[in-house]
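Okay, structure first, notes after.
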Amino acid sequence: MFQIILIILGIVIFLAALLSLADNLIQIEAKKSGIDTEETNMSLWPSINELSGKSAPGAFPTANFHKLKKGHDIKLAGKPSGDPVKMAIKTFAVKPQNFRGNAPIPKLEVTVGDEVKAGQSLFFDKLSPQIKYVAPVSGEVIEVKRGAKRAITDVIILADGQQKHHKFDIPNIQEMDREALRAFLMSSGLWSSFTQRPFGIVAQADASPRDIFVSAIDTAPLAPDPSLVYNGRKDDLNKGLQVLSMLTDGKVYLSMSPEMKSMAEDVEHADVHFFSGPHPSGNVGVQIHHIKPISGTDIVWTCGFADVLTIGKMFNEGVYDPVRVVAVGGSSASEPKYVETKLGASVDDLLAGQEIEENSRLIAGDVLTGEHVAPGSYLNASDDQ
């Protein structure tokens with residue numbers, strides 16, 4: 001019996017030493033990758049805060065605070081920092097396949113060589129001709145790329161040095177009924193901001209959502225903080241949320257992180273919920289589940305945070321201006337940074353000046369859900385990295 005106890009004790013000591021060595025190696029590698037191990041727990045063992053599962057801080061309403069424990073944050077090297085910079089992005093593309101539910105060959109309203117303004121219609125789906133898909137920038141249409149079975153993959157625009165916008169008459173939202181509002185959103189290119197659930201398709205022209213959900217959190221690896229695209233645009237945010245509130249008999253739910261509390265104080269026309277925890281706490285589907293799940297024949301819509309700002313600017317200034325803040329990062333990037341640009345920016349232009357290591361993989365989107373792209377590609381409508 002004494003020998004058995006000694007053997008068990010020896011095994012326990014060996015395993016403890018092995019785990020301690022592994023934990024130390026993880027800490028060393030994390031520091032080499034530039035990760036702040038004091039701010040982010042990289043240990044094999046949970047911290048006291050993680051074990052205690054802290055409830056909502058006193059400043060937050062408990063009913064609207066969601067502390068999620070399940071999930072995992074992948075720590076990757078090459079996270080950008082600092083304020084967004086502006087780069088000379090020469091070309092942009094709108095991809096019909098980004099808009100699920102449409103036919104692969106839409107009806108084009110432009111041809112190669114045409115000059116377009118930002119907000120001018122490029123194409124529409126033949127089954128829903130009232131829903132227009134518009135140019136993110138002004139310039140010349142230089143190419144219409146086609147893929148298998150002649151499906152249109154990219155409508156590419158060479159951007160003007162000085163941007164010109166198609167000027168819409170600023171709608172008086174106080175005098176519009178719901179049908180007039182819907183018609184304006186479809187004709188101005190803003191309707192494609194809405195994704196209908198179930199099925200994740202462009203919102204159907206005749207559908208009415210139970211509620212609309214907006215996530216101002218992105219917990220994906222290396223994703224930019226959505227507050228970077230906000231940048232104090234209080235009027236655009238509230239006008240956009242007001243528009244959304246007129247499209248549903250239910251509520252508009254806006255999800256934020258606890259760090260956005262000061263921004264949340266500016267919010268009108270939405271029910272704000274706070275989410276904290278590891279990825280995928282920033283996923284809008286996870287947020288819907290915790291706020292008000294879909295059941296039965298329910299239809300809900302989601303709308304991107306940047307898209308809400310775009311809608312707000314349209315109703316404030318009468319222009320279509322789809323601003324995006326894109327994270328250019330990863331361990332292979334020589335200069336990780338945030339770039340302020342427009343929807344559908346060229347990957348090659350975003351990587352200009354970067355010394356990319358050999359055998360590196362280019363991913364549009366995050367490493368979990370993004371897609372491998374080749375040089376000469378363009379970001380998808382929903383990509384922010």
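Taking the charged nitrogens against the carboxylate oxygens, K342 and D321 do have a contact shorter than 4.0 Å, which makes a salt bridge. Look at D211 and K292 and you find a salt bridge, because one of the NZ, NE, NH1 or NH2 atoms lies within 4.0 Å of a carboxylate O, short of that distance.
Within a 6.0 Å radius of CG in N172, other residues, nucleotides and ligands contribute more than 12 heavy atoms. Counting heavy-atom neighbours within 6.0 Å of D83 CG, excluding the residue itself, gives a total of 12 or less. By the 6.0 Å contact criterion, CD on E355 is open, its count of non-hydrogen atoms from other residues, nucleotides or ligands being 12 or less. Under a cut-off of 6.0 angstrom, the local environment of NE2 in H289 is sparse, with at most 12 non-hydrogen atoms contributed by other residues, nucleotides or ligands.
Between Q385 and V328 there is no side-chain heavy-atom pair separated by less than 4.5 Å. Taking the side chain as every heavy atom from C-beta outward, I74 and H72 approach each other to under 4.5 Å. Residues I212 and L247 have side chains in contact (heavy-atom distance under 4.5 Å, counting atoms from C-beta outward). Side-chain contact between K167 and V319: present, with at least one pair of heavy atoms (C-beta onward) separated by less than 4.5 Å. Using a 4.5 Å heavy-atom cutoff, the side chains of Q204 and Q196 are in contact. Looking at heavy atoms from C-beta onward, M87 lies in side-chain contact with K337 at the 4.5 angstrom threshold. Side-chain contact between P171 and I173 is absent, with no heavy atoms from C-beta onward closer than 4.5 Å. By the 4.5 Å heavy-atom criterion applied to side chains, Y230 and F305 are counted as neighbours.
In this structure, Q162 has no side chain to side chain donor-acceptor pair (under 3.5 Å) partners at least two apart in sequence or on a different chain. Here K164 pairs with D160 under the salt bridge (Lys or Arg N to Asp or Glu O under 4.0 Å) rule; sequence neighbours left out. Every residue was checked against the side chain to side chain donor-acceptor pair (under 3.5 Å) condition with N231, not counting sequence neighbours, and none meets it. For D236, the salt bridge (Lys or Arg N to Asp or Glu O under 4.0 Å) partners are R233, not counting sequence neighbours. For the side chain to side chain donor-acceptor pair (under 3.5 Å) test, residues two or more places apart in sequence or in another chain that qualify with T91 are Y378. Remark: F92 engages no residue in a ring pair (Phe, Tyr, Trp, His ring centres under 6.0 Å) (not counting sequence neighbours).
Hydrophobic clustering (side-chain heavy atoms under 4.5 Å, transitive across Ile, Leu, Val, Met, Phe, Trp, Tyr) keeps W301 apart from I291. Under a hydrophobic clustering in which Ile, Leu, Val, Met, Phe, Trp and Tyr are joined whenever their side-chain heavy atoms come within less than 4.5 Å, directly or via other members, V347 and I157 fall into the same cluster. M186 is connected to M176 through a chain of hydrophobic side-chain contacts under 4.5 Å among Ile, Leu, Val, Met, Phe, Trp and Tyr, so both are in one cluster. Follow the hydrophobic side-chain contacts under 4.5 Å out from V202 and you reach L122 in the same cluster. Side-chain heavy atoms closer than 4.5 Å link hydrophobic residues (I, L, V, M, F, W, Y) into clusters, and following such links, even through other members, never connects L244 to I217.
To the nearest 0.5 Å, atoms CD1 (I311) and SG (C303) are separated by 4.5 Å.
Of the possible donor and acceptor atoms, none in the side chain of S360 sits under 3.5 Å from a partner among the backbone N and O of I356. Of the possible polar contacts, one joining the D298 side chain to the S295 backbone as a donor-acceptor pair under 3.5 Å is found. Judged by distance alone, with hydrogens and angles left aside, the side-chain atoms of S138 form no donor-acceptor pair with the main-chain N or O of V116 at under 3.5 Å. Judged purely by atom type and a 3.5 angstrom limit, Q287 uses its side chain to pair as donor or acceptor with the backbone of S281. Here the side chain of Q354 pairs a donor or acceptor atom with the backbone of E335 at under 3.5 angstrom.
Grouped with F2 in one hydrophobic cluster are L6, the linkage being side-chain heavy-atom contacts under 4.5 Å among Ile, Leu, Val, Met, Phe, Trp and Tyr residues. Residue M1 shares its hydrophobic cluster (ILVMFWY side chains chained together at separations under 4.5 Å) with I5. L9 belongs to a hydrophobic cluster with I13, counting contacts under 4.5 Å between side-chain heavy atoms of Ile, Leu, Val, Met, Phe, Trp and Tyr, direct or through other members.
Across all non-hydrogen atoms, the minimal contact from I89 to A159 is O-CB, 4.2 Å. When every heavy atom of L343 is checked against every heavy atom of R324, the shortest pair comes out as CD1-NH2, 3.4 Å. Between H166 and K117 the shortest heavy-atom distance is N-CB, 3.6 Å.
Using modelled atom types, one finds no donor on one side chain facing an acceptor on the other under 3.5 Å when comparing S346 with D348. Using modelled atom types, one finds a donor on one side chain and an acceptor on the other under 3.5 Å when comparing T369 with D366. Between the side chains of N380 and N98, at least one donor-acceptor pair of N or O atoms lies under 3.5 Å.
Every pair passing ring-ring contact (aromatic ring centres under 6.0 Å, His included) that includes a residue from residues 124-162 is listed here, sequence neighbours excluded: F99-Y133, F123-Y133. The ring-ring contact (aromatic ring centres under 6.0 Å, His included) pairs that include a residue from residues 232-266 are F213-Y253, Y253-H273, where partners are two or more places apart or lie in different chains.
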Donor-acceptor contacts under 3.5 Å from residues 144-156 side chains, at least two apart:
residue : atom : partner : partner atom : Å
R146    : NH1  : R150    : O            : 2.8
T153    : OG1  : K145    : O            : 3.3

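Separation of the F315 and F168 ring centroids does not fall under the 6.0 Å cut-off.
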